[in-house]
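Shown next, in structure tokens, is the structure this report addresses.
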Amino acid sequence: MIKVATEDGEKSALCKVTVKAVTVDHIILSSHSLVMVPGQKRQIIATALPEEAKERNVTWASSDNSIATVDAHGQVTAKKSGTAIINAISVANPQIYASCNLAVVSPEDQVFTVVSNRERVAENGYISSDVNTLFENGSSEPVSLISFEILSQGGELIVSDHQTRIIATGMQQRHQAQVKNFYRPYVRYIFELKGKRYERRLDI
């Protein structure tokens with residue numbers, strides 16, 4: 001209570017002051033989305049604000065512990081393929097939280113393959129086209145590109161490149177070819193990742 005009075009003391013006034021503790025009103029995360037592979041661990045840092053708040057601790061929770069778990073310090077462990085949401089929740093005010101969207105994918109899903117066609121003509125399943133392909137390694141491990149092939153539906157080999165190449169993380173390999181009047185042709189990539197061989201087929 002604060003009291004104010006005149007010098008002669010004849011008049012005075014009172015003011016009631018209530019001091020409230022500063023509480024957390026928002027949380028900032030170091031990551032708002034993550035892509036991980038099973039077995040991988042990643043750290044998320046949560047900052048509760050404002051800094052003047054008396055209680056700034058957070059608790060962590062995963063929307064699906066079968067996909068990924070998170071410990072008391074924000075370390076996420078991916079379990080199996082799928083999606084989950086990792087939440088950092090204010091201890092002082094549980095209505096305040098921040099979320100990180102998580103996707104757990106198998107390692108081969110981080111290898112991207114794309115086929116584009118130019119001047120494509122199709123008649124009764126027979127295709128003619130200028131073909132451009134892209135092989136990109138989005139994983140954290142090097143990939144061995146064993147072969148690139150274009151084949152017809154009947155197994156006839158149209159184009160091939162069997163020179164093994166090591167594709168580092170973030171690197172690409174492109175191929176160009178021309179297909180003339182082949183029945184339902186497709187691109188086949190064979191590659192190895194972490195000692196396991198994969199085959200990827202893409203229609204032209």
Side-chain angles (χ1 to χ4, degrees), residues 30-45 62 64 66-70 75-86 100-204:
S30 58
S31 299
H32 292 285
S33 63
L34 289 173
V35 178
M36 301 171 65
V37 297
Q40 187 178 13
K41 296 179 182 291
R42 294 284 293 275
Q43 181 71 45
I44 303 177
I45 298 172
S62 169
D64 191 335
S66 70
I67 302 297
T69 59
V70 59
Q75 180 170 268
V76 180
T77 302
K79 296 295 187 180
K80 67 176 184 180
S81 297
T83 59
I85 299 174
I86 306 299
C100 175
N101 295 313
L102 171 66
V104 181
V105 300
S106 56
E108 69 270 21
D109 288 338
Q110 293 185 301
V111 176
F112 307 107
T113 50
V114 178
V115 172
S116 59
N117 296 288
R118 187 170 61 87
E119 298 181 358
R120 183 178 185 274
V121 177
E123 185 175 351
N124 296 323
Y126 287 87
I127 308 296
S128 295
S129 178
D130 291 332
V131 181
N132 292 280
T133 68
L134 169 68
F135 182 97
E136 180 176 356
N137 181 14
S139 74
S140 59
E141 302 286 339
V143 173
S144 295
L145 177 55
I146 305 301
S147 65
F148 158 82
E149 298 173 327
I150 298 180
L151 302 100
S152 70
Q153 188 68 29
E156 181 180 357
L157 184 63
I158 303 168
V159 177
S160 66
D161 179 358
H162 292 90
Q163 180 181 347
T164 300
R165 295 176 172 86
I166 303 300
I167 312 298
T169 299
M171 301 302 290
Q172 301 176 345
Q173 177 68 40
R174 296 177 181 270
H175 290 92
Q176 294 182 338
Q178 192 174 62
V179 173
K180 289 188 176 181
N181 204 36
F182 283 95
Y183 185 68
R184 295 183 177 176
Y186 62 93
V187 170
R188 179 170 69 184
Y189 279 111
I190 296 177
F191 62 94
E192 288 185 354
L193 174 60
K194 298 179 71 172
K196 187 175 181 180
R197 182 165 292 202
Y198 300 93
E199 180 177 313
R200 184 78 53 80
R201 295 190 180 197
L202 304 101
D203 293 332
I204 293 175

Q) By side-chain contact (heavy atoms from CB on, under 4.5 Å), which residues pair with Ser30, not counting sequence neighbours? A) Ile44, Ile45
Q: Return each pair, listed once, that meets salt bridge (Lys or Arg N to Asp or Glu O under 4.0 Å) where at least one residue sits in residues 163-183; pairs must be two or more places apart or across chains.
A: Asp161-Arg165
Q) So, does Arg118 use its side chain to make a donor-acceptor pair with the main chain of Asn132 at under 3.5 Å? A) no
**Q.** side-chain contact (heavy atoms from CB on, under 4.5 Å) against Ser33, all qualifying residues, sequence neighbours excluded
**A.** none
Q) Of the non-hydrogen atoms in Pro38 and Ser81, which two are nearest, and what is the gap between them? A) CG-N, 4.4 Å
Q) What is the minimum heavy-atom distance between Ile150 and Val187, and which atoms define it? A) CG1-CG2, 4.0 Å
Q: Please identify each residue that fulfils side chain to side chain donor-acceptor pair (under 3.5 Å) with Arg200, with sequence neighbours left out.
A: Thr113
Q: Using the test side chain to side chain donor-acceptor pair (under 3.5 Å), find all partners of Gln178 that sit at least two apart in sequence or belong to another chain.
A: Asp130
Q: Answer yes or no: is there a donor N or O on one side and an acceptor on the other, between the side chain of Ser128 and the main chain of Asn181, under 3.5 Å?
A: yes
Q: Sequence neighbours left out, what pairs pass salt bridge (Lys or Arg N to Asp or Glu O under 4.0 Å) with at least one residue falling in residues 148-158?
A: Glu149-Arg188
Q. Which ring pair (Phe, Tyr, Trp, His ring centres under 6.0 Å) pairs, counting each pair once, include a residue from residues 153-173, with sequence neighbours left out?
A. none
**Q.** Phe112: ring-ring contact (aromatic ring centres under 6.0 Å, His included) partners, not counting sequence neighbours
**A.** none
(Q) Suppose we screen for side-chain contact (heavy atoms from CB on, under 4.5 Å). Which residues come up paired with Ser62, at least two apart in sequence or across chains? (A) Asn65, Val70, Ala84, Ile86
Q | Contacts of Gln173 that satisfy side chain to side chain donor-acceptor pair (under 3.5 Å) - sequence neighbours left out | A | none
Q.
Suppose we screen for side chain to side chain donor-acceptor pair (under 3.5 Å). Which residues come up paired with Glu192, at least two apart in sequence or across chains?
A. Arg197
Considering only distance and modelled atom types, tabulate donor-acceptor pairs under 3.5 Å from the side chains of residues 134-142, sequence neighbours left out.
| residue | atom | partner | partner atom | Å |
| --- | --- | --- | --- | --- |
| Glu136 | OE1 | Gln172 | NE2 | 3.4 |
| Asn137 | OD1 | Ser139 | N | 3.0 |
| Asn137 | OD1 | Ser139 | OG | 2.7 |
| Asn137 | ND2 | Glu141 | O | 2.8 |
| Asn137 | ND2 | Ile167 | O | 2.9 |
| Asn137 | ND2 | Ala168 | O | 3.4 |
| Ser139 | OG | Glu141 | N | 3.3 |
| Ser139 | OG | Glu141 | O | 2.9 |

